[in-house]
Structures are given as C-alpha cells and as structure tokens.
**Q** 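Supplied in structure tokens, the structure appears directly below.
As a basis for the values below, the full set of heavy atoms in this structure was taken, side chains included, without hydrogen atoms, waters or symmetry mates.
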Amino acid sequence: AVGSDDEVAQWLGPETRLVEARGAMLMPGFIDTHVHFAVGGSSLASVQLRDAKTTDVFVQRIADYADGIGPGEWILDGTWDHENWGGELPTREWIDAVTPDNPVWIYRLDGHMALANSLALEHAGVGADTPDIEGGEIVRDADGRPTGVLKDNAMALVGSVIPAPGEEQLERRIRAAMDYVASHGVTTVHDMGDDFVSVAAYRRLQKSGELKTRIYSVVPLSEWETLRDEVAANGRGDEWLRVGGLKGFMDGSLGSHTAAFFEPFTDAPDDRGLLINDPNDMREWITGADKAGLHVMVHAIGDRAIAELLDIYLDVAEAHGDKDRRFRIEHAQHIRPSDIARFAIQDVVASMQPYHAIDDGRWADRVIGTERSQTTYAFRSLLDAGAHVAFGSDWFVAPAVPLEGIYAAVTRRTLDGAHPDGWVPEQRISVEQALAAYTREGAYASFEEDDKGMLRTGLLADMVLIDRDLTAVPAETLREAKILMTVVGGRVVFDAEDRPGR
C-alpha cells in the first residue's frame with residue numbers, strides 16, 4: 001500500500017513493524033541488470049588484488065594468501081588491474097616463487113584475461129607448443145613461451161581444469177553474494193551465468209526458502225535449445241526466480257585489447273581487437289532463440305561488435321516480424337555516433353555499467369583516442385535518442401554498489417581524480433535518470449515493469465531506505481550516502497545498525 005498516513009494506518013496491527021524514516025529517502029529496490037553472482041560471492045573470500053598499486057604489492061598479497069591455504073588449493077579470482085602500475089602485464093615468473101604448491105588462476109578485473117602460474121599451466125598442459133586459439137590469445141615471450149596471461153577464448157585452456165565447486169560450496173557463494181548485494185540496496189539481479197548449474201542451485205535455495213534476492217538467471221546463448229526445452233517443460237519461473245534469458249559474446253574488453261573496433265587501437269596501430277564468436281554462429285543462435293520466444297542479450301563493447309550485433313538484431317526482427325522482444329546489448333561501451341539512434345529505433349536495451357566509465361576513463365583516451373571517447377559510455381546520447389538504458393555493475397568485475405554507479409553516471413569523475421568536471425562531461429546524466437536506470441528501466445529490461453521498479457500499490461514490496469535525498473545533495477557527495485535498510489517482498493533483508501529510529 002502507498003498513501004497518506006491515514007490511508008496506510010488501516011494496515012497497522014499488533015505485529016506490524018513501523019519504521020520512521022525521519023527524512024531518509026525511500027526508493028524502489030535497486031535492480032542490477034548484469035552480475036556474475038556466484039563468482040562475485042566467491043571473490044569476497046579470495047585474494048584481493050583490485051587496488052594493488054604496485055607489482056610488489058601484487059606479488060606480496062598473493063604470497064600472503066598462499067601462506068594461509070593448503071597445498072594444492074587453487075588461488076582464484078583476484079581481479080587485478082595492470083593499469084595500476086603503468087600497464088605492464090604480469091607474468092607467471094612474478095608469482096611462481098611464492099606459489100610453488102598452489103596453482104594460480106587470477107582474473108584481470110574485466111574478466112577477459114587471466115594470469116596462471118607455471119603450476120596451473122602444467123595442470124592445463126599449456127606450453128610453447130600449444131597452438132593459438134581463435135577468438136583468444138596466449139601471450140608469449142620473445143622465445144614463444146607462454147607468459148601466463150591468456151585472453152578470452154584461450155582462457156578455457158586453464159579454466160577447464162579447475163575443479164568445479166560442489167553444491168554446498170556453490171550455495172555458500174550465492175548466500176554470500178545475497179548478503180553483499182542486500183547491504184547495498186539491491187533487491188533483484190540479472191545473473192549472467194556460464195551454465196545451468198547456478199539455475200539448479202537457485203532452485204534448491206528457493207525450495208528451502210533461502211532466497212532473499214530476486215534472480216533473473218541467464219544461461220549461455222549457444223545453449224538456447226536446452227533453455228527452450230526447459231521453459232517448455234517448467235515455465236519461466238516466478239517472482240523470485242525467473243529463467244528465459246540467454247547471454248552471448250561478440251567481442252572481448254577494452255582493457256584487454258580484445259574489444260572489436262573498425263579502426264585500430266590508438267596505442268596498438270596493428271590491432272583492431274577480435275570477435276570471440278563467428279558472426280554466422282551468433283546469427284544462427286539469435287535466430288533460433290528469438291524464434292523460440294527467448295530473451296537475447298549479447299555482450300558487445302567495441303564499435304564494430306556493436307554495429308554488427310545491431311545488424312543481426314535488425315535482420316532477425318525483420319525476419320520474424322513485430323513482437324516485444326527487448327533485445328539487449330550488454331555493456332554497449334564504445335558506440336559509433338551513427339549507431340546511437342539505432343538503439344531506440346530498434347528497441348534495443350542498452351544494459352550498461354556506469355562504474356566502468358570512471359574506471360576505464362583513467363586510460364581509455366590513450367587506447368582509443370579522444371574522438372572515439374566522445375561516445376564511450378554514452379549515457380546522455382542514448383537517453384536523448386529515446387533508448388532504454390538499464391544500469392548494473394558487472395560484479396565481480398566492478399562493485400555491485402548502485403550508489404557508486406549513480407555517482408559515476410552523474411559526475412563521470414574518474415577514480416584517479418584526473419577529471420574533476422567529468423571524463424567526457426557531455427555524457428553526464430541527472431540523478432533522477434540514473435535512479436530510473438537502476439529501478440524502472442531495470443524492470444523493463446526483464447519484462448517485469450508491471451511487478452517492480454516503482455513504489456506503487458500492487459507492485460512487489462521491494463524497497464531501499466537511503467540516509468539522504470539523493471536528488472537534493474551535491475553530486476560529488478552521492479557516493480557518501482549509506483543504505484539504511486533493504487526490504488524484499490516485505491521482509492527486511494538488511495538493516496544498518498545506525499538506522500534512525502532503530
């Protein structure tokens with residue numbers, strides 16, 4: 001119920017908990033439209049490398065972590081950023097001496113390249129004679145030996161030999177992830193899953209009544225036929241757990257130089273990035289999925305990847321006729337100016353992660369030049385064109401903290417403080433627009449705008465209480481706001497100790 005004090009008072013009973021907000025801001029629960037949920041949960045307990053500012057700190061943190069685990073246990077996640085120490089890629093030689101008994105497989109923060117130590121490469125059978133992988137890269141030294149860094153499709157060489165978590169371990173990771181996002185006001189996530197294993201785990205947790213985050217569970221696009229049969233047999237789920245979404249890849253990432261561009265990288269004149277999947281395969285999968293009535297969302301970062309995906313979407317929509325399909329482009333980072341209007345014309349949702357703008361903005365001009373940067377993370381241009389823009393985090397790649405994302409979209413102040421007026425300030429948006437992208441537009445991006453995304457009678461009781469009115473404070477202070485309470489389905493799932501009126 002929503003209304004005046006008198007209108008709501010009729011619902012008060014002896015068991016009702018009355019919360020006096022005392023000037024705090026009540027919002028619909030935040031919807032994070034792009035997370036890697038179980039991996040994020042795992043990363044909470046892994047070695048923390050995101051803020052390692054020097055190579056010495058990077059190595060020492062791995063050494064300290066290795067000292068605290070048993071021999072043979074894999075060291076995973078990490079989310080390092082080589083830009084922190086000037087852009088030099090790490091090598092296995094940096095860490096071999098401090099990890100002699102533990103295989104290491106740690107991701108760069110974008111998830112599109114990772115570093116293995118020599119023991120992990122040995123487990124995977126990767127050596128100088130290992131052939132290159134289409135849609136990926138084995139980085140090699142001057143003698144042709146793997147340095148330990150593998151990019152995109154080549155990452156499967158090591159990833160495939162890592163022991164899969166058991167059911168109990170996977171459920172622990174999901175519980176940790178739910179606690180984490182609840183503390184940041186997130187009530188729904190769209191999980192970009194790698195397989196159907198997570199779906200099964202969510203169902204177990206739902207059956208036991210342990211879900212406290214609403215999940216839209218997305219599976220790989222190439223497996224659209226399996227999902228088609230699953231939906232036909234069991235439906236699309238309910239208000240707690242939904243299926244029906246498929247996620248594919250066109251290209252890699254900017255930070256790994258694997259995003260696909262029409263023109264070369266500014267700092268690598270012979271390199272235009274790469275396509276992870278053959279466009280013909282993408283067209284076939286998207287055609288089949290759309291014909292089956294499934295929801296397609298595809299990762300595309302470079303301008304070539306985005307343009308070719310828009311072409312595929314257009315052709316499939318024209319072939320299958322008019323319907324409410326809501327194709328999504330995940331990330332949609334570096335758009336050609338001529339392609340911006342196509343998002344609205346084709347009703348393609350731009351599923352974007354604003355934190356990336358203040359992270360990548362530290363170095364993106366060096367990689368793609370200032371001209372292409374003008375329509376990078378083009379929030380304002382897309383909204384002005386009438387496109388649907390939904391926000392998320394890409395956690396584990398970036399923190400699942402909507403207040404940080406709102407700050408990023410509104411200020412575009414890069415993490416290094418080098419752009420106090422905003423990196424490409426023309427693409428800044430208002431607080432109200434950012435809030436809509438994290439709520440109403442997030443619901444639209446999963447066909448759930450009639451269920452969530454607003455505070456309105458009849459919608460789900462998913463809410464977040466924030467300690468200040470975000471629309472009435474200086475933009476530079478947005479990230480200082482605090483989540484006081486998170487409510488999902490009328491149940492409090494997070495309550496800060498210093499909440500007013502507690």
**Q** So, Arg145 and Asp129, do they make that salt bridge, N to O below 4.0 Å?
**A**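 Here Arg145 does not pair with Asp129 in a salt bridge, since their nearest N and O are not under 4.0 Å apart.
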
**Q** Salt bridge between Glu330 and Lys247, side-chain N to carboxylate O under 4.0 Å?
**A**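 No salt bridge links Glu330 with Lys247.
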
**Q** Hey, is the main chain of Ile106 close enough, under 3.5 Å, to the side chain of Trp80 for a donor-acceptor pair?
**A**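 Yes: the side chain of Trp80 pairs with the backbone of Ile106.
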
**Q** Considering non-hydrogen atoms only, spot the tightest contact between Ala496 and Ile483 and give its length.
**A**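 Scanning both residues, the minimum pair turns out to be CB-O, 3.7 Å.
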
**Q** Looking at every heavy atom in both Gly127 and Thr130, which two are closest together, and how far apart are they?
**A**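 That closest heavy-atom pairing would be N-OG1, 2.8 Å.
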
**Q** Do the rings of Phe396 and Tyr107 sit parallel, tilted or perpendicular, given the 30° and 60° boundaries?
**A**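 Taking Tyr107 first and then Phe396, their aromatic rings sit tilted (interplane angle of 30° to 60°).
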
**Q** Is a side-chain N or O of His299 found less than 3.5 angstrom from the main chain of Asp251, in a donor-acceptor match?
**A**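 Yes, because the side chain of His299 sits within donor-acceptor range (under 3.5 Å) of the backbone of Asp251.
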
**Q** Specify whether His190 and Tyr216 have parallel, tilted or perpendicular ring planes, treating 30° as the upper limit for parallel and 60° as the lower limit for perpendicular.
**A**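 His190 vs Tyr216 ring planes: perpendicular.
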
**Q** Taking the six-membered ring for Trp and the full ring for Phe, Tyr or His, determine whether the centres of His112 and His257 are under 6.0 Å apart.
**A**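 Centroid distance His112-His257: not below 6.0 Å, so no.
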
**Q** Any side-chain donor-acceptor pair under 3.5 Å between Ser256 and Ser253?
**A**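 Yes, side-chain donor-acceptor contact under 3.5 Å.
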
**Q** Taking the side chain from Arg272 and the backbone from Phe265, do they hold a donor-acceptor pair closer than 3.5 Å?
**A**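 Not a single qualifying donor-acceptor pair exists.
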
**Q** Looking only at heavy atoms, what is the nearest atom pair of Gly252 and Asp152, with distance?
**A**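 Looking at all heavy atoms of both residues, the closest pair is CA-OD2, 3.5 Å.
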
**Q** Name the one of Val493, Ile466, Val492, Asp467 that satisfies side-chain contact (heavy atoms from CB on, under 4.5 Å) with Met485?
**A**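 Result: among Val493, Ile466, Val492, Asp467, Val492 is the only option passing the side-chain contact (heavy atoms from CB on, under 4.5 Å) with Met485.
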
**Q** Ring centroids only, cut at 6.0 angstrom: are Phe30 and His184 within range, meaning strictly under it?
**A**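 Phe30 vs His184: aromatic centres not under 6.0 Å.
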
**Q** The test is side chain to side chain donor-acceptor pair (under 3.5 Å); show your working for Asp141 and Thr147 and say whether it passes.
**A** CA-CA 6 Å; Asp141 63 20; Thr147 65; over 6 Å; no

**Q** For a quick test of reading the model, state the closest non-hydrogen atom pair linking Leu309 to Ala300 and the distance between them.
**A**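 Leu309 and Ala300 have their closest heavy atoms at CD2-CB, 4.0 Å.
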
**Q** Salt bridge or not for Arg336 and Asp339, using N-O below 4.0 Å?
**A**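 Looking at Asp339 together with Arg336, the answer is yes, because their closest N to O distance falls below 4.0 Å.
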
**Q** Of Arg362, Arg366, Arg108, Arg50, which meets salt bridge (charged side-chain N to carboxylate O under 4.0 Å, His left out) against Glu83?
**A**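 Result: among Arg362, Arg366, Arg108, Arg50, Arg366 is the only option passing the salt bridge (charged side-chain N to carboxylate O under 4.0 Å, His left out) with Glu83.
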
**Q** Please answer whether the main-chain N or O of Ser351 pairs with a side-chain N or O of Gln353 as donor and acceptor at a distance below 3.5 Å.
**A**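 Confirmed, Gln353 side chain pairs with Ser351 backbone.
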
**Q** Answer yes if the side chains of Asp394 and His34 hold a donor-acceptor pair under 3.5 Å, and no otherwise.
**A**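 Distance-only check passes for Asp394 and His34.
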
**Q** Salt bridge (Lys or Arg N to Asp or Glu O under 4.0 Å) for Arg204 and Glu167? Distances and angles first, verdict last.
**A** CA-CA 10 Å; Arg204 291 192 299 273; Glu167 288 185 2; 3.7 Å; yes

**Q** I'd like to know whether Asp360 forms a side chain to side chain donor-acceptor pair (under 3.5 Å) with Trp423, so could you lay out the CA-CA distance, the side-chain angles of the two residues, the decisive distance to 0.1 Å, and finally the verdict.
**A** CA-CA 10 Å; Asp360 292 6; Trp423 176 61; over 6 Å; no

**Q** If the condition is side-chain contact (heavy atoms from CB on, under 4.5 Å), which residues does Asp96 pass it with, not counting sequence neighbours?
**A**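 Asp96: side-chain contact (heavy atoms from CB on, under 4.5 Å) contacts with Arg92, Asn117, Ser118.
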
**Q** Quick one: sort the His356 and Tyr377 rings into parallel, tilted or perpendicular, breaks at 30° and 60°.
**A**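 Ring orientation, 0 to 90° scale: tilted.
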
**Q** Are more than 12 heavy atoms from other residues, nucleotides or ligands located less than 6.0 Å from atom CZ of Phe379?
**A**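 Yes, CZ of Phe379 has more than 12 neighbouring heavy atoms, counting only those of other groups under 6.0 Å.
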
**Q** Hey, is the main chain of Ile276 close enough, under 3.5 Å, to the side chain of Asn153 for a donor-acceptor pair?
**A**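 Flag set: sc Asn153 to bb Ile276 pair under 3.5 Å.
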
**Q** Can you confirm whether the side chains of Asp56 and Thr54 place a donor and an acceptor under 3.5 Å from each other?
**A**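 No, no side-chain donor-acceptor pair sits under 3.5 Å.
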
**Q** Ring centres of Tyr407 and Tyr355 under 6.0 Å apart?
**A**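 They do not qualify: ring centres at least 6.0 Å apart.
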
**Q** Could you tell me whether Arg61 and Asp51 make a salt bridge, using a distance below 4.0 angstrom between a side-chain N and a carboxylate O?
**A**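 Yes, this pair counts.
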
**Q** Contact between Met352 and His331 at the side-chain level, heavy atoms closer than 4.5 Å - yes or no?
**A**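 Answer no - side chains too far apart.
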
**Q** Quick one: does any side-chain atom of Thr266 pair with a main-chain N or O of Gly369 as donor and acceptor, under 3.5 Å?
**A**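 Yes, Thr266 side chain to Gly369 backbone: donor-acceptor pair under 3.5 Å.
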
**Q** Would you call the rings of Phe37 and Trp395 parallel, tilted or perpendicular, where under 30° means parallel and over 60° means perpendicular?
**A**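 If you compare the ring of Phe37 with that of Trp395, the planes turn out perpendicular.
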
**Q** Quick check on Glu371: does its CD atom have over 12 non-hydrogen neighbours (other residues, nucleotides or ligands) under 6.0 Å away?
**A**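 No, because the 6.0 Å sphere around CD of Glu371 holds 12 heavy atoms or fewer from other groups.
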
**Q** Quick one: do the Ser381 and Gln427 side chains pair a donor with an acceptor below 3.5 Å?
**A**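 There is such a pair (donor and acceptor under 3.5 Å, judged by atom type) between the side chains of Ser381 and Gln427.
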
**Q** Do we see a donor-acceptor contact under 3.5 Å between the side chains of Glu284 and Asn280?
**A**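 Judged by distance alone, the side chains do not pair up.
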
**Q** So, the side chain of Arg428 versus the backbone of Asp421: is there a donor-acceptor pair under 3.5 Å, distance only?
**A**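 Yes; at least one donor-acceptor contact below 3.5 Å.
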
**Q** Without swapping roles, check the side chain of Thr258 against the backbone of Gly273 for a donor-acceptor pair under 3.5 Å.
**A**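 Checking the backbone N and O of Gly273 against the side chain of Thr258, no donor-acceptor pair under 3.5 Å is found.
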
**Q** Any salt bridge linking Glu210 with Lys212? Criterion: basic side-chain nitrogen under 4.0 Å from a carboxylate oxygen.
**A**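 Judged by the 4.0 Å cut-off on N to carboxylate O distance, Glu210 and Lys212 do not form a salt bridge.
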
**Q** Is the backbone N or O of Phe391 less than 3.5 Å from a side-chain atom of Asp32, with the two atoms forming a donor-acceptor pair by type?
**A**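 No, the answer is negative, given that no donor and acceptor are paired below the 3.5 Å cut-off.
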
**Q** For Asp191 and Arg242, what are the C-alpha separation, side-chain angles and deciding distance, and is it a salt bridge (Lys or Arg N to Asp or Glu O under 4.0 Å)?
**A** CA-CA 10 Å; Asp191 179 31; Arg242 287 172 54 83; over 6 Å; no

